Amino acid sequence: DSGVTQTPKHLITATGQRVTLRCSPRSGDLSVYWYQQSLDQGLQFLIQYYNGEERAKGNILERFSAQQFPDLHSELNLSSLELGDSALYFCASSVMDDTGELFFGEGSRLTVL
Amino acid sequence: GENVEQHPSTLSVQEGDSAVIKCTYSDSASNYFPWYKQELGKRPQLIIDIRSNVGEKKDQRIAVTLNKTAKHFSLHITETQPEDSAVYFCAASGGSGNTGKLIFGQGTTLQVKP
């Protein structure tokens with residue numbers, strides 16, 4: 001158990017819909033990262049938040065948005081869903097914003113039908 | 001932009017043999033290079049990491065080497081066992097923006113045959 005909690009574990013929805021994925025980082029961790037892993041694909045960096053502020057942005061689609069709340073949990077919002085958005089979405093956390101180990105949650109598997 | 005290339009994409013070895021996975025990174029400012037192991041349907045887990053001020057690091061059957069000049073780093077697994085079968089990802093961080101974000105390679109599927 002990494003200490004990073006993601007909900008929901010599984011989500012099935014239809015094209016055009018909107019979903020919210022939630023992540024609670026390890027206790028004390030200030031940085032949260034979101035990654036997308038499509039079938040047989042690598043881990044694509046989406047976005048990073050540090051202590052409530054956006055810190056780094058990857059190849060995140062405009063249909064996707066995220067935020068980190070004062071209690072440090074984070075949400076990833078995916079809208080106007082397409083079939084290609086079906087993937088495993090991982091949240092990871094780290095203590096600060098410097099280089100070091102990221103601790104991953106178990107992921108949220110999104111299926112868009 | 002930052003990029004990490006990983007080879008090979010698949011690797012099949014006999015139990016007891018060694019396995020080597022290689023990565024190259026594009027951003028010379030990168031200074032932290034971890035390796036993660038991901039079993040099917042599970043979360044990635046760190047198995048070993050190395051920082052740019054070190055050339056080699058070993059932990060039992062696993063070792064990582066770093067060549068900063070060539071911007072290469074490699075994972076070496078000796079005396080492979082069936083439980084080593086998984087997908088291995090290399091990554092780099094500390095580059096553009098110097099944040100903690102990791103840029104991952106494409107992954108290597110390692111199969112260890114009994």
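These numbers were taken from a predicted model, which means no experiment stands behind them. Heavy atoms only: backbone and side chains are in, while hydrogens, waters and symmetry mates are out. Lettering of chains follows the sequences in order, A, B, ..., and the numbering in each one begins at 1.
In this structure, A:Asp97 contributes its side chain and B:Thr99 its backbone to no donor-acceptor pair below 3.5 Å. In this structure, the side chain of B:Arg51 engages the main chain of A:Thr99 through a donor-acceptor pair within 3.5 Å. Panel note: side chain A:Tyr35, backbone B:Leu102; a donor-acceptor pair is recorded below 3.5 Å. Side-chain N or O atoms of A:Tyr50 include none that pairs as donor or acceptor with a backbone N or O of B:Gly100 at under 3.5 Å.
The greatest number of non-hydrogen atom pairs below 4.5 Å with chain B, out of A:Gly100, A:Ser31, A:Ala56, A:Ser94, is found for A:Gly100. Contact count against chain B (heavy-atom pairs under 4.5 Å) is highest for A:Phe104 among A:Phe90, A:Phe45, A:Phe104.
A distance of 8.0 Å separates OG of A:Ser2 from CD of B:Gln45, quoted to the nearest 0.5 Å. Interatomic distance, OG of B:Ser93 versus CD of A:Gln48, reported as 10.0 Å (0.5 Å rounding). In this structure, the separation between CD on B:Gln38 and CD on A:Gln37 is 4.0 Å, given to the nearest 0.5 Å.
For B:Glu83, the CD atom is densely surrounded, since the number of other residues' heavy atoms within 6.0 Å is greater than 12. Surrounding CD of B:Gln14 are more than 12 heavy atoms belonging to other residues, nucleotides or ligands, all under 6.0 Å away. With a 6.0 Å radius and a threshold of 12 heavy atoms from other residues, nucleotides or ligands, B:Glu79 has its CD atom at or below the threshold. Atom CG of B:Leu40 is surrounded by 12 or fewer heavy atoms from other residues, nucleotides or ligands within 6.0 Å. The 12-atom threshold is not exceeded at CZ of A:Arg109, counting heavy atoms of other residues, nucleotides or ligands nearer than 6.0 Å. No more than 12 heavy atoms of other residues, nucleotides or ligands lie within 6.0 Å of CG in A:Asn59, so this atom counts as exposed by the packing criterion.
Both the backbone and the side chain of B:Pro44 come within contact range of chain A, each with at least one heavy atom under 4.5 Å from a heavy atom of that chain.
Note: the hydrophobic cluster containing A:Tyr89 does not contain B:Val87 (ILVMFWY, side chain heavy atoms under 4.5 Å, direct or indirect links). B:Leu46 and B:Phe104 end up in the same hydrophobic cluster when Ile, Leu, Val, Met, Phe, Trp and Tyr side chains are linked at under 4.5 Å. With hydrophobic clusters built from ILVMFWY side chains whose heavy atoms lie under 4.5 angstrom apart, A:Val32 shares a cluster with A:Val19.
Counting heavy atoms from C-beta on, the side chains of B:Pro34 and A:Glu101 never come closer than 4.5 Å. A:Leu102 has its side chain within reach of B:Tyr36: a pair of non-hydrogen atoms, C-beta onward, lies under 4.5 Å apart.
Nearest approach of A:Gly105 to B:Arg43, heavy atoms of both residues: O-CB, 3.0 Å.
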